[in-house]
Structures are given as structure tokens and as C-alpha cells.
Amino acid sequence: MKVKEVAQKIEPKMKKTIEAFQHEIASIRTGKATTTLLDRVKVEAYGQLMPLKQVGNIGVMDVHTLIVQVWDKSMVSATERAIRDANLGLNPSADGQNIRVSIPPLTEERRKEFVKLTKKFGEDSKVSLRNLRRDMIHDIEKLEKDKAISEDDKNRGKKEADDLLHKFEKQLSDLITLKEKEIMEV
């Protein structure tokens, strides 16, 4: 296994870290209605916890309102309760088989909390990226120790690991800045 192969093994893992971060911050409220806001909501349905998506359709009615169309009438109150109990600061109201979820404007304090949360997720992702870089360097040093590559190749490999890390950390920082701007926008 040469340096390029080590890099090709690590780069997809770094991409997955970025994707996981994007998925994580998608459910952070920004004051605008998005269907991803309800991604983490689990409904007690038929004796088990199910994702809200498996109980009904989620749609955006307008900038400040989501609508959940529950497929089974008997699940409306359980779905409403699940949204209320999801600790998202939302107060749903049932209207037949539909549930309206108004997205209240965020207070300045709440916005700052969400920015902190975004930064925390970002830091966790950066730690994952650094661990992947460490693994890559470890693999490269092992190759050199086993005499599979020269010292020059090892040094080039370490530089490539650093370059990969910087590339993905920049993507992460850009995503954090974008989300921060989105959250603080009134």
C-alpha cells in the first residue's frame, strides 16, 4: 500500500465527517420553517418509536409554518405530543388529520445558544478530521518502517495528510460561518 492508497482510503472518511456535520446542523432552528427541523422527532406508534417521516408527510406551508399530514387518524395526538416533547420550542396544533407547527421567532439568547451548539458540532467534527489525519500519518510511518516507501515519500505523505486536513477544515469552517449567519439573521 503506497501513500496515494492511504490518502484514497482516508479522504472518503473525511467527506463523510463533513456530511455528518451538515446533517447534524440541518436540524438546528434558524427561525425559518424547514422540514429537516423535525428529523429527530420520534413518535410512539404501534408500540414502538418511529421517525415522524414514517407516520406522515412533512411540508412547508409558509416561511413560519410547517404542516404534518398524519396518515393514520389515530396517530394525530401522539404525533402532536411527540413534536411538543421534542424540546424544539415548538407548539403544534392539530386540525383534523393535519398538524400545523408554527415556528416562533427566535430570541437573541436562543440564537446565541444555537450558534454555540453549531460551533460545538463543528469542533467535534474537526476532532474527527484530526483523528483521521493522525491515522493516515500513522499508516504512512508504518509503510516507511516496513521499508515499503522512502523517507521522502513519508514526508510527502505527511504533507498530503496536512493538506487534506486543511482542505476539509476550511469546508467545515465555511459551513459553520454560513449556519451562524443563517441563525443570527432576523
Side-chain angles (χ1 to χ4, degrees), residues 1-45 47-55 58 82-83 85-89 106 109-185:
M1 185 163 52
K2 301 290 180 226
V3 174
K4 283 283 182 209
E5 292 169 354
V6 173
Q8 288 171 347
K9 187 178 86 177
I10 296 294
E11 191 168 1
K13 291 179 182 178
M14 288 185 163
K15 283 181 183 167
K16 282 218 185 307
T17 301
I18 298 290
E19 289 167 11
F21 172 73
Q22 287 174 313
H23 182 72
E24 198 71 48
I25 65 170
S27 61
I28 295 177
R29 265 184 61 194
T30 59
K32 291 183 184 141
T34 64
T35 58
T36 55
L37 194 56
L38 301 176
D39 275 356
R40 288 196 227 162
V41 177
K42 302 268 191 248
V43 180
E44 175 85 33
Q48 62 184 13
L49 284 177
M50 299 174 82
L52 182 58
K53 288 178 181 175
Q54 292 180 8
V55 177
I58 307 167
I83 294 169
D85 296 345
N87 201 18
L88 295 169
L106 294 171
E109 186 180 315
R110 197 80 169 125
R111 288 178 194 276
K112 287 178 181 173
E113 282 176 34
F114 286 141
V115 166
K116 277 184 191 171
L117 186 62
T118 301
K119 286 182 177 178
K120 181 196 171 298
F121 288 149
E123 266 317 302
D124 293 347
S125 297
K126 283 181 181 180
V127 168
S128 295
L129 289 173
R130 290 182 195 123
N131 287 340
L132 288 167
R133 174 184 157 269
R134 184 199 60 218
D135 294 346
M136 183 175 168
I137 288 175
H138 175 75
D139 290 349
I140 290 168
E141 286 173 343
K142 190 172 184 292
L143 285 172
E144 194 231 1
K145 189 177 168 197
D146 296 343
K147 305 273 188 250
I149 60 172
S150 67
E151 189 174 338
D152 287 345
D153 287 338
K154 177 186 86 170
N155 293 334
R156 268 193 296 277
K158 283 183 172 184
K159 184 183 178 337
E160 192 172 337
D162 288 340
D163 292 345
L164 262 180
L165 177 69
H166 294 307
K167 172 184 156 187
F168 284 103
E169 276 187 335
K170 174 152 181 20
Q171 282 182 18
L172 208 54
S173 295
D174 293 347
L175 288 169
I176 292 168
T177 305
L178 195 69
K179 187 67 176 185
E180 237 177 270
K181 209 167 99 178
E182 207 177 290
I183 291 170
M184 295 309 285
E185 191 179 293

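All residue numbers in this chain count up from 1 along the given sequence.
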Heavy-atom closest pair, residues V41 and A86: CG2-CB, 3.8 Å

Could you tell me if the side chain of T118 sits less than 4.5 Å from the side chain of E180, heavy atoms only? no

Check whether R133 reaches the backbone of A161 with its side chain - one donor and one acceptor, N or O, closer than 3.5 Å. no

Should we say atom CD of E109 is surrounded by more than 12 heavy atoms from elsewhere, each under 6.0 Å from it? no

Contacts of T177 that satisfy side-chain contact (heavy atoms from CB on, under 4.5 Å) - sequence neighbours left out: none

Could you tell me whether D124 and K120 have a side-chain N and a carboxylate O separated by less than 4.0 Å? yes

Write down the atom of L129, the atom of E169, and the distance for their closest heavy-atom approach. CD1-N, 4.0 Å

T36 side chain vs A26 backbone, donor-acceptor pair below 3.5 Å: yes

Sidechain N-carboxylate O distance under 4.0 Å for R110, E113: yes

Please determine whether a side-chain nitrogen of the Lys or Arg among R40 and E24 lies less than 4.0 Å from a carboxylate oxygen of the Asp or Glu. yes

For A45 and V55 the tightest heavy-atom approach is CB-CG2, 4.3 Å

I149 side, atom CD1; L143 side, atom CG - distance, nearest 0.5 Å: 5.0 Å

For K179, is there an ion pair with E182 - N to carboxylate O distance below 4.0 angstrom? yes

Closest approach of F21 and G122, non-hydrogen atoms and distance? CE1-N, 3.3 Å

Assess whether side chain to side chain contact (heavy atoms under 4.5 Å, CB included) is satisfied between E160 and V6, documenting all intermediate values. CA-CA 10 Å; E160 192 172 337; V6 173; over 6 Å; no

Run the salt bridge (charged side-chain N to carboxylate O under 4.0 Å, His left out) test on D152 and R156 for me, step by step, so that the C-alpha distance in whole Å, both residues' side-chain angles and the decisive distance to 0.1 Å come before the verdict. CA-CA 6 Å; D152 287 345; R156 268 193 296 277; 5.3 Å; no

For K2 and A148, the nearest pair of non-hydrogen atoms, with its separation, is NZ-O, 3.1 Å

Pairwise distance CZ(R130) to CG(D135) - rounded to 0.5 angstrom: 14.0 Å

Roughly how far apart are L52 CG and T35 OG1, rounded to 0.5 Å? 10.5 Å

Passes side chain to side chain contact (heavy atoms under 4.5 Å, CB included), E144 versus D153? Steps please. CA-CA 8 Å; E144 194 231 1; D153 287 338; over 6 Å; no

Spacing of CD belonging to Q22 relative to CG belonging to L178, to within rounding of 0.5 Å: 10.0 Å

Taken to the nearest 0.5 Å, the spacing of D163 CG from K158 NZ works out to 14.0 Å

With salt bridge (charged side-chain N to carboxylate O under 4.0 Å, His left out) as the criterion, how do K159 and D162 come out once you've worked through the C-alpha distance, each side chain's angles and the decisive distance to 0.1 Å? CA-CA 5 Å; K159 184 183 178 337; D162 288 340; over 6 Å; no

Kindly indicate whether the side chain of K42, heavy atoms from C-beta on, has any atom under 4.5 Å from the side chain of P51. yes

Rounded to the nearest 0.5 Å, what separation is found between the CG atom of L132 and the CG atom of L165? 9.5 Å

Please tabulate, for the side chains in residues 11-20, all donor-acceptor contacts under 3.5 angstrom to protein atoms that are two or more places apart in sequence or on a different chain.
{"from": "E11", "atom 1": "OE2", "to": "K167", "atom 2": "NZ", "distance (Å)": "3.0"}
{"from": "T17", "atom 1": "OG1", "to": "K13", "atom 2": "O", "distance (Å)": "3.0"}

